[in-house]
Amino acid sequence: MSETALDVPARAVPRAPRPVVTRSAGEQARRVAKSIAASGGAHIVLILASVWLAGPFVWQVLTSFKSLSEATSVPLTWLPQHLRLDNYKAAAIGVPLWSMLANSVISTIVRTSGQVVFCAMAAYGFARLRFRGRNALFAVYLSLLMVPAQLLIAPQYDIILKLHLLNTVAALFLPGMFGVFGTFLLRQFFAGLPTELEEAARLDGANTGRIFWTVMLPLARPGLVALALLTIISSWNELLWPLVVNTDPAKMPLSVGLAYLQGVYPTNYPILMAGSLVAILPLIIVFVVLQRRVLEGIALSGSKA
Amino acid sequence: MNLARNARSLAAAAAVTALTTAALAGCAGGGTGTGTTTASSSAPAAAAPQVTISYGLWDPNQEAAMKQIAAAFESANPNIHVDVQVTPGQQFFTKLQTSMAAGNAPDVFWMSPVIFQMYASNGALKSLDDLGLDTSSYPSQLVKGCQAGGKLYGVPKDFDTIGVWYNKSLFDAAGVAYPAADWTWSDFQTAAAKLTDKSKGVYGTAAELNGQDTYYDTIFQAGGEVLTADNKSGFGEPQTIAGLKFWTDLIANGSSPSLQQMNDTTPLDMFQTGKVAMLWSGSWNVKALAASPVADHIDVAPLPRGEKAATVINGLCNVEAASTKHPAEVKAFLQFLGSKQANEIEGKTGTVIPAFNGTQSDWVAAYPNYHVQAYIDQVPVGVPMPVSKNSYAWMQTEGTTLAGAWTGQMPVAAAAAAVEKSTNDALAKEQG
Amino acid sequence: MAPNTMTDPTRRTRAGRVRPPAAASLPTRRPMRRSDAGWALLLVGPATVGLSLFYLWPALETFYESFTTSGPFGGHTWSGLHNYATLLHDTELRGALLNTVWYTLFGLLGVPVSLVLATLLAKPGRRFVAGYRVLMFLPAVTMPAAIAIVWKWLYHHDYGLINLGLGKLGVQGPYWVSDPHTALIAVAIVGMWAGIGYGVIIMMAGLEGIPPHYYEAAKMDGAGPLRRFFSITIPLMSPTIFFMTVLSVIASLQTFDLIYVLIGSSNPSLPQTRTVLYLFYEHAFTQNDRGYGSAIAFSLVVLVIAVTAVQFKLQKRWVHYE
């Protein structure tokens with residue numbers, strides 16, 4: 001039987017033996033052609049979507065090698081005449097690159113770890129545990145999600161000030177370790193998982209904590225990875241909060257370095273694009289590695305139950 | 001299940017990382033704020049206690065100059081350390097307000113006249129009347145820009161005026177003579193018409209919708225006002241309307257691209273790619289223009305005169321936070337900032353025109369290929385930026401309303417009347 | 001073993017779903033656990049403490065501010081409902097609210113797009129999945145200035161790709177970004193575009209959670225691909241779809257940066273594109289009226305809460321939890 005583009009089986013599951021269906025050669029050929037056409041159709045859609053989504057990034061990469069006049073030409077020039085590296089050199093000067101990189105890395109790791117851990121715990125609590133005030137508390141959580149971040153900057157600054165953590169690396173990641181988005185995302189995941197496993201585990205005498213740790217967390221792995229990825233992205237790119245809460249350039253993350261660069265070269269797009277690419281490169285590497293691990297993990301994991 | 005093992009090790013790794021980095025961060029950080037501290041780890045062998053004051057600014061381009069000034073000050077005052085803090089771009093004011101609300105503003109910082117009144121009238125700044133500043137050392141318009149309610153709250157730091165940049169190649173190709181120093185509106189309009197070549201997509205000029213760059217200047221040149229002496233809108237005056245019509249006429253007769261076109265491509269971009277022959281632009285843009293693709297065949301001229309010659313003059317002030325804990329040290333630093341020496345350091349870097357009379361030649365010398373002296377020469381006819389307690393409130397509505405006149409959707413007189421009303425409403429709100 | 005609909009109102013059975021082979025039968029009611037409260041404290045506690053300190057308390061503080069007339073630098077004088085009363089007459093705000101609603105509706109288009117793309121990618125044996133995923137993820141890491149430049153070029157009246165294409169069809173394209181009639185759509189599309197990468201990541205994660213035996217069984221029953229998509233994928237993905245919908249609405253209602261980057265302040269279509277949050281920023285930070293700005297922002301919060309509450313109520317009809 002042909003599998004088509006819209007199916008999603010993602011695991012190698014031991015299958016029950018199926019009745020063998022004999023087909024004519026013509027029918028076989030037709031089915032193969034159909035499958036190739038469907039696959040080709042899918043690839044066309046995917047390619048178009050990828051071009052549409054990746055276009056600006058491609059332009060950014062190409063522009064980082066252009067001269068200023070090529071970059072500002074109207075209409076847009078896509079390809080640089082020569083590949084010039086001076087934009088990268090210019091971008092690298094004048095900002096304490098390494099300490100900013102270290103700050104970005106530290107703050108992103110701590111923040112993402114915090115998010116994944118705290119949100120997973122709370123999400124499981126909301127999804128599976130019963131306790132008084134659960135729905136009310138979740139409602140409060142959700143309403144916090146709707147408060148725009150810009151609104152909270154001044155009071156958050158005040159709290160960090162009172163904690164004597166102003167102008168520290170800790171200030172960069174502390175508020176971001178807690179999030180409603182992650183709790184909501186993982187709650188949906190946990191809520192969508194079948195209960196049989198938990199019930200079986202309870203029958204075996206496991207308590208809630210053990211169930212969470214050994215049964216639910218592994219099952220929610222796709223959600224955990226997704227949350228980690230999204231948190232890494234937003235932490236890496238965060239600009240306003242670090243600028244407000246820290247003053248020493250040595251305590252700033254990479255995104256601030258980029259803002260400095262924009263202040264120095266407000267309209268020199270090739271230099272700005274080069275700087276931004278350098279700042280973004282670790283993020284892309286992380287994404288490529290992480291998403292491959294997810295795919296591997298799924299392929300190797302065997303059956304779920 | 002290896003998934004469980006992975007998850008467990010992931011979590012364990014995360015926990016260890018979190019603890020380690022938190023510990024590291026705790027060791028590394030521990031600053032007590034952006035404000036002032038009375039201890040310094042690298043105190044020189046001076047007997048007097050070290051005081052650190054913070055100096056907040058927003059332009060990374062000027063960071064080097066400011067640090068030089070700070071260093072010069074510190075060598076004369078070894079017990080004071082100046083911590084130069086740069087917060088680039090728009091975030092500067094967000095950060096300023098946030099830190100001020102928490103009582104933690106920088107001790108000294110830059111202030112723009114447009115927003116200056118709000119800070120001064122709300123008690124956020126300290127009066128500098130007792131600084132002993134000789135205000136005759138600076139252009140009077142700048143001193144006025146740093147005053148509120150008759151008191152001095154800031155030390156003039158720099159200034160900018162507007163000039164006309166023109167593309168010599170386009171002028172040569174069209175056979176138009178370069179602008180003379182005393183050229184008039186009609187000279188400008190004629191040149192713009194001659195320089196426009198629709199077939200090549202070249203325009204004589206660009207009627208940018210930006211008060212400081214374009215229409216405030218022409219309003220003043222026509223003898224009109226943006227704000228009257230008793231703080232009301234001047235948009236009802238016929239001369240003001242004439243100043244506005246200068247630009248809408250240019251759009252209407254095709255010498256300037258339309259507003260929509262200028263939104264698709266900015267006038268600066270158009271000028272830099274040779275699509276606009278004359279651009280009204282402030283002295284802050286000189287550095288960028290000198291590095292642009294057209295740098296080799298452009299030059300600058302003073303603004304044309306209408307009924308009279310005029311330009312908008314605007315300049316930053318160095319101000320003192322009311323919340324500062326070190327008024328004596330700040331006073332000393334502000335006096336230095338206003339000194340000839342500090343202004344000369346500024347001028348030499350070529351990034352801004354320093355305010356102190358007679359220190360501008362270094363800035364001019366930084367751009368030998370262009371007649372940037374034109375910017376300095378216009379100071380006597382400079383009119384300060386129109387400001388009020390909450391300038392942005394009416395400026396934004398003004399821009400949105402005038403867009404209607406720029407696109408030809410409403411006649412200029414009607415737009416001006418609408419602006420007059422909205423500005424007066426906003427100004428009235430300020431009082432009440 | 002039906003799930004416990006009596007004890008957990010968020011669960012529902014749905015007749016006709018394909019069920020996996022059962023383990024031993026379990027009692028339909030779990031004994032009440034007093035220890036749930038203890039575990040709940042342990043699990044939900046840390047997040048709640050952190051959120052209360054860094055988000056709830058600041059939100060309450062700002063809420064309080066909306067009832068004050070603030071000097072911009074910390075001086076508050078209580079003014080009761082004055083800000084909210086002014087709000088109701090603010091025509092700028094009304095326009096911004098309408099714009100924000102439109103953005104939200106447009107933004108929802110991103111959800112099915114993400115789902116379809118994710119589904120196409122998640123098929124086993126699909127080649128270049130990693131490559132596609134990385135490419136689709138790129139908007140999340142592209143510099144906003146680059147995004148603005150490329151999109152403004154796409155939308156350019158004279159040289160833009162879109163108008164060039166329309167020209168070939170004999171249609172004169174408008175000034176997408178400057179024409180008040182089209183500017184909102186233009187910006188909304190960019191907003192939707194920016195969210196697709198995130199959507200694909202989240203959807204793919206959700207798809208990986210679907211047990212494959214459902215599809216096996218359906219195929220054995222003779223269900224075709226489209227039928228499988230609508231009868232299996234969508235219902236089982238409904239918690240994730242719901243999540244994406246709620247998030248899309250919340251994010252769209254908070255559109256802000258996009259306006260700054262695509263629409264300048266001298267753009268004639270600014271009133272037709274600015275959002276509520278943009279107005280908040282103008283009032284709170286540019287015009288230094290934090291009290292009024294907070295009032296605007298909290299009105300937005302109330303709106304978002306209302307819409308989300310409605311969505312949650314409606315979820316009972318179409319979202320399936322196990």
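In what follows, chains are A, B, ... by sequence order, proteins preceding strands, each numbered from 1. Side chains included, hydrogens not; waters and symmetry mates left out as well; all remaining heavy atoms used.
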Taking the side chain as C-beta and beyond, is there a heavy-atom pair between [X] and [Y] under 4.5 Å?
| X | Y | value |
| --- | --- | --- |
| C/Trp193 | A/Pro56 | yes |
| C/Val44 | A/Tyr141 | yes |
| C/Leu277 | A/Gln150 | yes |
| A/His43 | C/Tyr132 | yes |
| A/Phe126 | C/Leu43 | no |

Pick one of side chain, backbone, both or neither for [X], based on which atoms fall under 4.5 Å of a heavy atom in chain A.
| X | result |
| --- | --- |
| C/Leu117 | both |
| C/Val246 | side chain |
| C/Leu42 | backbone |
| C/Ile250 | side chain |
| C/Ser52 | neither |
| C/Ile196 | side chain |

Part of [X] lying under 4.5 Å from any heavy atom of chain C:
| X | answer |
| --- | --- |
| A/Leu151 | both |
| A/Val140 | side chain |
| A/Phe184 | both |
| A/Phe189 | side chain |
| A/Phe118 | both |
| A/Gln262 | side chain |
| A/Trp236 | neither |
| A/Leu144 | side chain |

Point-to-point distance, once rounded to the nearest 0.5 Å, from [atom1] of [X] to [atom2] of [Y]:
| X | Y | atom1 | atom2 | value |
| --- | --- | --- | --- | --- |
| A/Gln188 | C/Met237 | CD | CE | 11.5 Å |
| A/Leu185 | C/Met244 | CG | CE | 10.0 Å |
| C/Leu120 | A/Ser39 | CG | OG | 10.0 Å |

Which heavy atom in [X] sits nearest to a heavy atom in [Y], and how many Å separate them?
| X | Y | value |
| --- | --- | --- |
| C/Pro46 | A/Phe178 | O-CE2, 3.8 Å |
| C/Val301 | A/Ser143 | CG1-O, 4.5 Å |
| C/Glu208 | A/Pro222 | OE1-CB, 3.6 Å |
| A/Ala122 | C/Ala47 | CB-CB, 3.8 Å |
| C/Phe54 | A/Leu174 | CZ-CG, 3.7 Å |
| C/Leu135 | A/Leu53 | O-CB, 4.2 Å |

Between [options], who has the most heavy-atom pairs with chain C when the cutoff is under 4.5 Å?
| options | answer |
| --- | --- |
| A/Leu46, A/Leu152, A/Ile159 | A/Leu46 |
| A/Ala54, A/Ala149, A/Gly176, A/Pro148 | A/Pro148 |
| A/Asn207, A/Ile160, A/Val45 | A/Asn207 |
| A/Gly125, A/Ser276, A/Ser234 | A/Ser276 |

>> The test is side-chain contact (heavy atoms from CB on, under 4.5 Å); show your working for A/Leu230 and C/Ile202 and say whether it passes.
In response: CA-CA 9 Å; A/Leu230 296 172; C/Ile202 294 177; 3.7 Å; yes
>> Heavy-atom pairs under 4.5 Å with chain A - which of C/Phe128, C/Tyr198, C/Phe137 has more of them than the others?
In response: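 Option with the top pair count is C/Phe137.
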>> Counting heavy-atom pairs under 4.5 Å with chain A, which one of C/Leu247, C/Thr308, C/Leu253 comes out on top?
In response: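 Winner by heavy-atom pair count: C/Leu247.
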> Are the side chain of C/Tyr55 and the backbone of A/Gly179 linked by a donor-acceptor contact shorter than 3.5 Å?
Replying inline: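 Side chain of C/Tyr55 to backbone of A/Gly179: no pair is present.
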> Donor-acceptor pair, A/Gln60 side chain versus C/Thr142 backbone, under 3.5 Å?
Replying inline: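 No; zero donor-acceptor contacts below 3.5 Å.
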> Are the ring centres of C/Phe243 and A/Phe181 closer than 6.0 Å?
Replying inline: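 Ring centroids of C/Phe243 and A/Phe181 are less than 6.0 Å from each other.
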>> Ring centres under 6.0 Å, that's the criterion: do C/Trp153 and A/Trp78 meet it?
In response: yes
> Does the pair C/Thr62 and A/Val147 meet the rule for a side-chain contact (heavy atoms from CB on, under 4.5 Å), with working shown?
Replying inline: CA-CA 10 Å; C/Thr62 326; A/Val147 179; over 6 Å; no
>> Could you walk me through whether A/Leu142 and C/Phe312 satisfy the side-chain contact (heavy atoms from CB on, under 4.5 Å) test, starting with their C-alpha distance in whole Å, then the side-chain angles of each, then the deciding distance to 0.1 Å, before giving a yes or no?
In response: CA-CA 11 Å; A/Leu142 282 183; C/Phe312 266 85; 3.2 Å; yes
> C/Trp57 and A/Gln156: side-chain contact (heavy atoms from CB on, under 4.5 Å), yes or no, with the steps?
Replying inline: CA-CA 9 Å; C/Trp57 173 246; A/Gln156 284 173 337; over 6 Å; no
